[in-house]
J.: 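Structure incoming, see below.
Residue numbers begin at 1 in each chain, while the letters A, B, ... track the order of the sequences.
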Protein chains: 2
Amino acid sequence: MNASDQGTGSTSGPKRKDARRNQRTLLDAAAAAFVDAGVEAPVRDIAARAGVGMGTIYRHFPTRADLIIAVYRHQVDACAEAGPALLESSPTPYAALEEWIGLFTDFLVTKHGLAAVLQPDNPQFETLHASFLDRLVPVCDQLLDAAADHGEIRPGYAGIELMRGVGNLCIGAGTDPRYDARRMVALLIAGLRRPAGNGAPADR
Amino acid sequence: MNASDQGTGSTSGPKRKDARRNQRTLLDAAAAAFVDAGVEAPVRDIAARAGVGMGTIYRHFPTRADLIIAVYRHQVDACAEAGPALLESSPTPYAALEEWIGLFTDFLVTKHGLAAVLQPDNPQFETLHASFLDRLVPVCDQLLDAAADHGEIRPGYAGIELMRGVGNLCIGAGTDPRYDARRMVALLIAGLRRPAGNGAPADR
DNA sequence: AACGATACGGAGCGCTGTTCCGCTTTGCAA
DNA sequence: TTGCAAAGCGGAACAGCGCTCCGTATCGTT
């Protein structure tokens with residue numbers, strides 16, 4: 001915990017301490033604004049909340065994506081780290097995959113509007129997309145491979161497409177009580193199962 | 001076929017013929033703009049393309065949703081009508097469901113940005129959401145019920161959630177070669193299948 | 001204390017959607 | 001044919017957004 005968390009360059013480390021303080025304030029303000037108004041909260045609002053000018057916010061976080069990445073970095077890391085752990089603690093790789101996807105889904109549906117912004121439509125969010133996916137796709141691939149090796153799922157599905165599928169399914173979650181993103185994600189994952197023979201060696 | 005297609009009121013029927021002509025022009029211009037720039041094409045551009053002022057566009061189509069609905073009404077109708085037809089022509093209800101979902105998916109992925117706007121996030125598009133879904137959900141329900149009755153899928157899934165799930169999966173299709181919306185939709189639908197026994201009519 | 005580097009604030013630009021109202025066109029009626 | 005409401009039109013103008021830019025304030029070092 002300190003100056004060591006960099007990566008996007010956003011949290012790298014300004015030298016002057018007012019700059020450093022502002023960065024923290026900004027991060028907190030952004031987190032609060034994201035909760036209240038979603039990740040698309042107006043930049044002006046975030047700046048106002050932090051009590052700084054617009055210039056400051058853009059100097060520290062050149063793009064909104066950088067800000068979002070910085071705010072959620074810890075949670076993304078936690079999610080990524082949970083993958084291998086689940087693989088060890090779960091009865092089968094497929095169970096681990098299911099649970100991990102559940103973690104990811106929970107993360108997305110509880111962050112108002114985050115899923116919507118994970119799409120690479122807008123070049124503005126390209127770096128956000130890339131950042132999240134770079135961190136999580138390898139984990140997903142690992143789980144997928146393990147489950148495929150174990151004969152529980154059909155092979156040939158890449159982590160990237162699954163992650164994007166799940167991300168997409170989470171868009172707008174919570175805006176309509178008739179739509180339950182988690183249910184649909186579960187359906188998608190169920191679709192991965194081997195159609196017949198169930199072929200799992202120890203399907204318990 | 002002509003003046004009879006109303007519903008949103010957008011195509012109802014202005015009395016003066018200049019108004020009527022403008023409405024047609026606007027519809028064509030919008031369709032063209034949607035192809036070129038997606039359904040979020042700036043209103044000004046659409047107006048300019050049609051050679052009319054902004055007031056005109058807003059008078060005929062008070063909201064962008066109305067315009068989109070009007071542009072795609074025919075295709076949505078065609079899709080809706082294909083449902084029952086497929087149910088009759090297909091070997092099993094599940095096959096019909098699969099094919100119909102494929103139709104819907106094709107419709108969405110070929111209409112640049114349409115899927116993204118089908119979400120009820122933005123109150124602006126509420127009427128678009130409602131209009132499309134009102135037309136298609138009953139059809140989907142019918143197919144779902146038929147397949148469930150036939151024992152091919154797990155019961156308990158509503159057309160509305162499936163349609164939204166499919167719609168979501170289609171968001172951003174075509175922006176990333178590594179993401180194939182159709183594949184993910186197929187996975188989702190595969191998830192509906194009964195887990196074991198492959199459920200022939202036997203068990204009903 | 002003084003001074004250069006660093007960071008700050010917010011006015012301002014450009015681009016959206018949307019409204020509003022003076023002017024034009026239309027079609028009916030005299 | 002002509003006159004005249006009423007219906008329709010155009011685009012200036014307003015509001016909200018992201019983002020930039022630069023004169024000014026602050027920091028920390030000499």
Side-chain angles (χ1 to χ4, degrees), chain A residues 3 9-30 33-34 36-69 113 116-117 121-128, chain B residues 3 9-30 33-34 36-69 113 116-117 121-128:
Chain A
S10 38
T11 22
S12 44
K15 319 200 164 155
R16 269 168 55 168
K17 76 168 175 247
D18 56 344
R20 213 178 255 291
R21 185 171 42 74
N22 271 330
Q23 186 153 305
R24 283 198 95 79
T25 311
L26 232 17
L27 235 33
D28 291 346
F34 289 171
D36 287 2
V39 294
E40 311 234 43
V43 184
R44 277 175 180 79
D45 290 359
I46 300 174
R49 222 186 250 257
V52 304
M54 315 251 321
T56 303
I57 205 170
Y58 277 100
R59 194 168 322 99
H60 285 292
F61 306 98
T63 134
R64 178 192 294 275
D66 294 316
L67 185 53
I68 298 176
I69 292 170
V117 112
D121 287 76
N122 188 338
Q124 177 57 221
F125 292 113
E126 221 171 73
T127 117
L128 174 65
Chain B
S10 38
T11 21
S12 45
K15 324 210 162 140
R16 270 168 55 166
K17 78 166 174 245
D18 56 343
R20 211 177 258 286
R21 186 171 42 75
N22 270 332
Q23 186 152 306
R24 283 198 96 77
T25 311
L26 232 17
L27 235 32
D28 291 345
F34 289 171
D36 286 3
V39 294
E40 312 233 44
V43 185
R44 275 173 182 79
D45 291 0
I46 300 174
R49 222 184 248 259
V52 305
M54 318 251 319
T56 304
I57 205 170
Y58 276 100
R59 193 167 327 97
H60 285 292
F61 306 98
T63 131
R64 171 188 242 96
D66 294 317
L67 184 53
I68 298 176
I69 292 169
V117 113
D121 286 78
N122 189 337
Q124 177 56 217
F125 292 112
E126 223 170 72
T127 116
L128 173 67

J.: Go along nucleotides 9-14 of chain C 5' to 3' and tag each nucleotide: B for a protein heavy atom under 4.0 Å from its base, S when only backbone or sugar atoms are that close, - otherwise.
T.: BB-B--
J.: Using atom CG of B/D45 as one end and atom P of C/dT16 as the other, report the distance to the nearest whole Å.
T.: 7 Å
J.: Could you state the CZ-C1' distance from A/F61 to C/dA7, rounded to the nearest angstrom?
T.: 14 Å
J.: Only distances under 3.5 Å count here; give the side-chain donor-acceptor pairs of residues 37-47 of chain A to other protein atoms, sequence neighbours excluded, each with its distance to 0.1 Å.
T.:
none

J.: Are B/D66 and B/L128 side-chain neighbours, meaning at least one heavy-atom pair lies under 4.5 Å?
T.: no
J.: Mark yes or no for whether B/D36, through its side chain, and B/A33, through its backbone, hold a donor-acceptor pair below 3.5 Å.
T.: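 Answer holds: no.
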J.: More 5' along DNA chain C: B/R21 or B/V43, using each one's nearest nucleotide?
T.: B/V43
J.: Walk me through it: do A/F61 and A/L27 pass the test side chain to side chain contact (heavy atoms under 4.5 Å, CB included)?
T.: CA-CA 10 Å; A/F61 306 98; A/L27 235 33; 3.5 Å; yes
J.: What is the distance from CZ of A/R16 to C1' of C/dC8, rounded to the nearest Å?
T.: 8 Å
J.: Within this structure, what is the CZ-to-P distance between B/R20 and C/dG27, rounded to whole angstrom?
T.: 11 Å
J.: Is there a side-chain contact between A/H60 and the phosphate of C/dA7, meaning an N or O under 4.0 Å from OP1 or OP2?
T.: no
J.: Return yes if some donor-acceptor pair links the side-chain N/O of A/D28 with the main-chain N/O of A/T25 below 3.5 Å, else return no.
T.: no
J.: Quick one: how far along DNA chain D does chain A reach, first to last nucleotide 5' to 3', anything under 4.0 Å to a heavy atom?
T.: D/dC17 to D/dG28
